[in-house]
Structure formats: C-alpha cells, structure tokens
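Scope of the values below: all heavy atoms of this structure, side chains included, with no hydrogens, waters or symmetry mates.
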Amino acid sequence: MKSRWWLKLNPLNSLFGRIFLWFWLTALIMIIATGWTSRQLAEQSSYAPAEAAQVKKLHQMGAKLQELAEKRNIDEAGLARLLKGIGMRSRVGLLLLNQQNDTYIRGFPGDERFNIQPFLSLKEQTGMIQVESLFWQFTGPLPVTLGNQQYLLFSGRHRPPGMLGQIMEHPYLLASLVLGLSGSLCMLLAWSLIRPIGQLKQATQAMAAGNLHSRADQVAHRHDEVGQLGREFNHMADKLQALVDSQKRILADISHELRSPLARLQVAIGIAQQREQQVIPELARIEHEANRIDTMLEHVLTLAKLDAGQQKLVKQRISLDELLAPLCQDIQFEAKAKQRRFECNYPQQKILDIDARLVSSALENVLRNALRYCVSRVSLDCIQQGERLQIRIIDDGPGLPEDELQAVFKPFYRVSSARNRESGGTGLGLAIAAGAIASHGGRIWAENLPQGGLQVTMELDSLEP
C-alpha cells in the first residue's frame with residue numbers, strides 16, 4: 001500500500017513536516033509582526049459619529065466647567081487644575097482646545113506620544129464626533145466660553161499603555177521580541193534535530209569502541225525519520241551482536257571439542273614411542289605439531305573467555321618484583337641463547353591489585369614477541385604516570401607499518417612481512433595480552449620509535465607501596 005504523501009506534513013511523525021511547518025510558521029509570524037508594527041507606527045486615528053450617551057455626558061461636563069470657571073474667576077493656568085479635578089470626580093478626561101492659537105489644556109497625565117493633530121482637524125466640525133487612537137478615545141468638540149476665551153471641549157478617556165501597548169508603542173522593543181520569538185522557535189527546531197542525532201552518534205561511537213550492547217533506545221522511540229534511523233541502527237546492532245556472539249561461541253566450542261581427540265593423539269604417540277624404545281623422527285615431529293596445536297587451542301579458549309567476559313579474575317595484591325622477577329629470568333635465559341641482550345628496570349616495591357597469572361601471561365606474550373623480532377636488544381621499563389603504571393617493552397627490530405599498529409592486537413592477525421608461522425607464531429599472543437589488560441581496566445598500544453624499533457605500552461592501576 002502506497003503511503004499517503006500528506007502524512008509527511010504531520011510534525012509529530014515526520015521530520016520533513018516539522019521543518020516545513022516550523023519555517024512556514026516563523027515566516028508567518030514575521031509577516032504579521034511586520035504588518036502590525038507598520039500599522040502601529042502610522043498612528044492613524046479613526047473617526048465615528050458620537051453616541052448619545054457620550055454627547056449628553058460631554059454637555060454636562062461643559063456646563064459644569066463653565067459654572068465653576070465663572071464662579072471662581074480662574075485664569076488659564078488654573079483651568080488645568082479645574083479640568084483635572086472635574087475629571088477625577090467624574091472619571092473622565094477633559095481636553096480644552098484654544099481655537100485662536102491651537103494650544104490645548106488637558107486634565108489627565110501628560111504623555112510624550114499624545115498627538116493633538118486629530119483634535120485640530122475638528123476645529124471646524126459642527127457635529128459631535130468620536131475620535132479614537134491607540135491610547136485614547138474622546139468625544140467632541142463642544143464650544144465653551146471660559147473667561148472671555150473660546151475653547152473646544154473634548155471628554156473621554158486616556159488609556160495608559162499596558163504591556164502590549166508599550167510593546168506596540170516602542171517599535172525597537174517589538175522588533176526585538178519578534179526576533180527573539182522567531183530565534184527561539186528556530187533554536188528549538190535545531191535542538192529537536194541535533195539532540196537525537198547526537199545520541200545516535202554516541203551509540204555509534206560506543207559500538208565502534210567494542211561495546212556491542214550499545215543501543216539508540218531514546219532515538220528509536222521517536223516517530224519521525226530520525227526514529228526510523230534509530231530503529232534500523234538497533235536492528236543492525238542486534239544482528240551484529242548475534243553474529244559476533246555466534247562466532248565466539250563456535251570458536252570456543254570447536255576449540256573445546258578438539259582438545260579431547262588431541263589428548264588421545266598425544267597419548268597414542270607416547271605409547272608408540274615406548275613400544276619402539278627408540279626415537280622415531282616422524283613420531284617426534286607429530287608430537288611437536290600436536291603440542292603446538294594444543295597450545296593454540298589453549299590460547300583460543302583463553303581469548304574466547306576474555307572476549308565473552310567469562311574469564312574470572314583472581315585478583316591479589318602483589319609487588320612488581322614478585323610479578324616480573326621470574327618472568328625476566330626466563331626471558332634473560334632465552335635472550336642469551338639467541339645472543340640477544342635483555343634489560344629489565346622496575347621499582348621493586350610497587351604494588352598492583354591484579355590477576356597475576358593473567359597479567360604475567362600478557363607480559364610474556366609481548367616479551368617473547370619482542371624477542372622474536374629484535375635485532376640485538378629488548379628492554380622492559382616501568383614508569384609511574386599519575387595513579388597508573390606504564391610497563392613499556394621496547395625492541396630494536398623493524399617496527400610495524402603505521403596502519404597496522406592497532407591491527408596487531410586482533411586475533412590471528414599477522415603483519416604481511418611475518419607470514420611464516422615459524423616466526424609469526426599463532427597470531428594470538430598480542431590479542432590475549434590486549435584482552436587480559438582490558439579485563440583489568442587498563443589499555444595497551446604499540447608505537448614506532450623515532451630511532452627505530454617498536455614500543456608496546458601496557459597501562460594498569462597501581463597502589464602505593
């Protein structure tokens with residue numbers, strides 16, 4: 001069934017609709033605000049016939065004003081006070097317009113934006129008119145005589161601007177509010193787009209770092225295109241995790257199953273050698289290869305347990321001397337047999353909280369690898385870096401291509417120049433070392449030295465001696 005195109009305009013379920021409607025709404029707000037601002041800045045006044053009640057009230061105000069002015073015989077300066085007093089009692093605003101010199105007297109609080117021009121245009125008006133602007137509404141004119149002076153009287157009310165009126169009165173404030181509103185809408189739209197993409201990015205980075213349990217669950221709950229992408233990512237992650245787990249399980253199962261017939265093969269070789277009571281080169285070769293297969297299977301099982309997180313750590317506090325002294329003696333013996341030099345320098349009293357068997361195996365794998373490829377010298381040095389201890393193993397061999405410095409820690413990986421199994425081993429030693437160090441919360445990396453050779457660094461947490 002074909003999807004209906006208008007469903008894409010639903011901002012709740014479509015990223016397309018959200019972007020389209022959001023920018024459309026922003027443009028509409030800008031157009032309305034611009035027209036509204038232009039209209040208010042024009043300050044146009046409207047005129048309409050006065051209502052009978054307003055005309056009656058205006059005549060009452062005019063009669064009362066004339067009566068009080070004649071009784072008190074006040075001058076023009078006192079008219080403002082009189083207008084104010086009458087206006088306060090009657091709750092109206094009064095305005096007197098001098099027809100001779102176009103001056104005016106008002107009985108309400110002054111305002112800088114009060115415009116007298118609409119009243120001046122009514123000087124020749126004979127009937128009653130209601131004139132209205134944004135901030136006031138008056139009825140008039142009514143001719144009155146005060147102190148031998150002719151005036152036109154207007155009554156009504158002056159409306160002080162509230163919050164909305166102040167906004168419309170000040171165009172710069174209105175423009176700022178419009179820009180702020182549109183900017184907030186656009187920022188909210190950008191945030192609604194960037195936030196799920198950032199979450200998806202974090203999930204992708206976590207998976208790339210080896211966390212196959214990483215999922216974009218928050219993104220997948222959305223109903224738009226980004227949500228669809230999140231659900232596809234989770235589906236891909238599930239498939240990838242299932243594939244890797246299956247591969248690890250098959251590798252471990254095969255390795256485990258192969259050990260039984262291999263053990264029987266080794267027993268048969270031993271029985272055959274005892275019967276012959278002499279060394280048979282073919283049997284010796286078969287025994288040698290069987291032992292290599294047994295070692296390889298042991299490495300594969302160890303690696304499978306490390307990858308699956310099933311390797312149980314038996315941690316204990318051990319000094320660096322207890323960990324490295326036996327290992328350095330063995331490597332020193334092998335180095336002399338190969339006419340190589342081995343140097344070992346470390347702080348003997350430094351304490352580590354580790355699984356000694358597992359870390360020792362990792363160190364041994366790296367040291368034997370360095371001894372295999374060195375030209376004349378291998379060294380082991382320990383350096384304290386804050387709360388962590390770095391164990392650096394350096395050889396003066398040919399080093400590695402820069403693009404293979406990380407790949408050498410992958411299982412069964414061999415550098416192109418070391419394809420021969422006699423020199424390249426099984427390709428599991430560095431992978432097991434990386435898994436062992438990672439299981440302790442540490443890290444391992446390799447780097448070429450400027451003067452030549454390779455340095456492999458293992459970093460672990462250390463305790464004070």
Side-chain angles (χ1 to χ4, degrees), residues 205 208-210 299 302-303 306-307 320 323-324 327-328 330-347 350 352 354 358-462:
Q205 290 176 337
H299 288 172
T302 301
L303 185 62
L306 288 171
D307 287 343
L320 204 55
L323 176 68
L324 294 180
L327 182 60
C328 288
D330 292 342
I331 299 299
Q332 187 73 260
F333 178 79
E334 294 181 20
K336 286 183 178 179
K338 294 183 177 182
Q339 297 182 347
R340 304 289 189 268
R341 189 170 74 256
F342 175 65
E343 298 175 358
C344 190
N345 301 297
Y346 56 87
K350 182 62 66 176
L352 300 175
I354 57 173
L358 204 57
V359 174
S360 177
S361 175
L363 289 169
E364 182 179 2
N365 284 330
V366 177
L367 281 169
R368 292 189 186 281
N369 192 72
L371 190 61
R372 182 181 299 119
Y373 292 107
C374 75
V375 175
S376 60
R377 177 179 174 274
V378 174
S379 66
L380 183 149
D381 299 299
C382 295
I383 299 176
Q384 189 72 32
Q385 294 286 344
E387 296 181 354
R388 312 208 89 185
L389 181 71
Q390 288 188 356
I391 303 176
R392 300 175 179 177
I393 298 175
I394 303 172
D395 66 69
D396 59 352
L400 290 172
E402 291 294 330
D403 58 347
E404 296 184 348
L405 289 174
Q406 295 297 325
V408 292
F409 297 103
K410 296 179 180 179
F412 299 106
Y413 183 86
R414 285 188 180 81
V415 182
S416 57
S417 60
R419 291 289 182 180
N420 188 286
R421 290 189 178 270
E422 288 297 328
S423 62
T426 62
L428 293 173
L430 292 181
I432 292 175
I437 298 300
S439 66
H440 286 78
R443 61 192 186 106
I444 183 172
W445 68 94
E447 54 190 329
N448 290 314
L449 299 176
Q451 68 273 20
L454 184 71
Q455 173 178 296
V456 177
T457 304
M458 288 171 280
E459 191 173 71
L460 293 167
D461 290 329
S462 65

Quiz item: Do you know the tightest heavy-atom contact between Cys328 and Tyr346?
Solution: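 Looking at all heavy atoms of both residues, the shortest contact is SG-CE2, 4.5 Å.
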Are [X] and [Y] side-chain neighbours, meaning at least one heavy-atom pair lies under 4.5 Å?
X: Trp445; Y: Glu459; result: yes
X: Leu323; Y: Ser360; result: yes
X: Glu364; Y: Asp330; result: no
X: Val456; Y: Asp395; result: no
X: Phe342; Y: Leu367; result: yes
X: Leu380; Y: Leu327; result: no
X: Arg340; Y: Val378; result: no

Keeping the roles fixed (side chain from [X], backbone from [Y]), state whether a donor-acceptor pair exists under 3.5 Å.
X: Glu404; Y: Gln406; result: no
X: Asp396; Y: Val375; result: yes
X: Asn448; Y: Pro401; result: no
X: Asn365; Y: Ser361; result: yes

Practice problem: Report the C-alpha distance between Leu324 and Cys382 in whole Å, list the side-chain angles of each, state the deciding distance to 0.1 Å, and finish with yes or no for side-chain contact (heavy atoms from CB on, under 4.5 Å). | Solution: CA-CA 11 Å; Leu324 294 180; Cys382 295; 4.0 Å; yes
Quiz item: Taking only residues two or more places apart in sequence, or in another chain, which ones meet Glu334 in a side-chain hydrogen bond (donor to acceptor under 3.5 Å, both in side chains)?
Solution: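 With neighbours one apart ignored, the set is Arg368.
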Practice problem: Would you check if there is a donor-acceptor pair between the side chains of Thr457 and Gln455 at a distance under 3.5 Å? | Solution: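 Yes, Thr457 and Gln455 have a side-chain donor paired with an acceptor closer than 3.5 Å.
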Quiz item: Distance from Leu389 atom CG to Gln384 atom CD, nearest 0.5 Å?
Solution: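 Between atom CG of Leu389 and atom CD of Gln384 there are 5.5 Å.
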Practice problem: Could you grab the distance from atom SG of Cys344 to atom CD1 of Ile393, nearest 0.5 Å is fine? | Solution: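 Reported value, rounded in 0.5 Å steps: 9.0 Å.
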Quiz item: Taking everything shown except Lys336 itself, do over 12 heavy atoms lie less than 6.0 Å from its NZ?
Solution: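 No, NZ of Lys336 has 12 or fewer neighbouring heavy atoms, counting only those of other groups under 6.0 Å.
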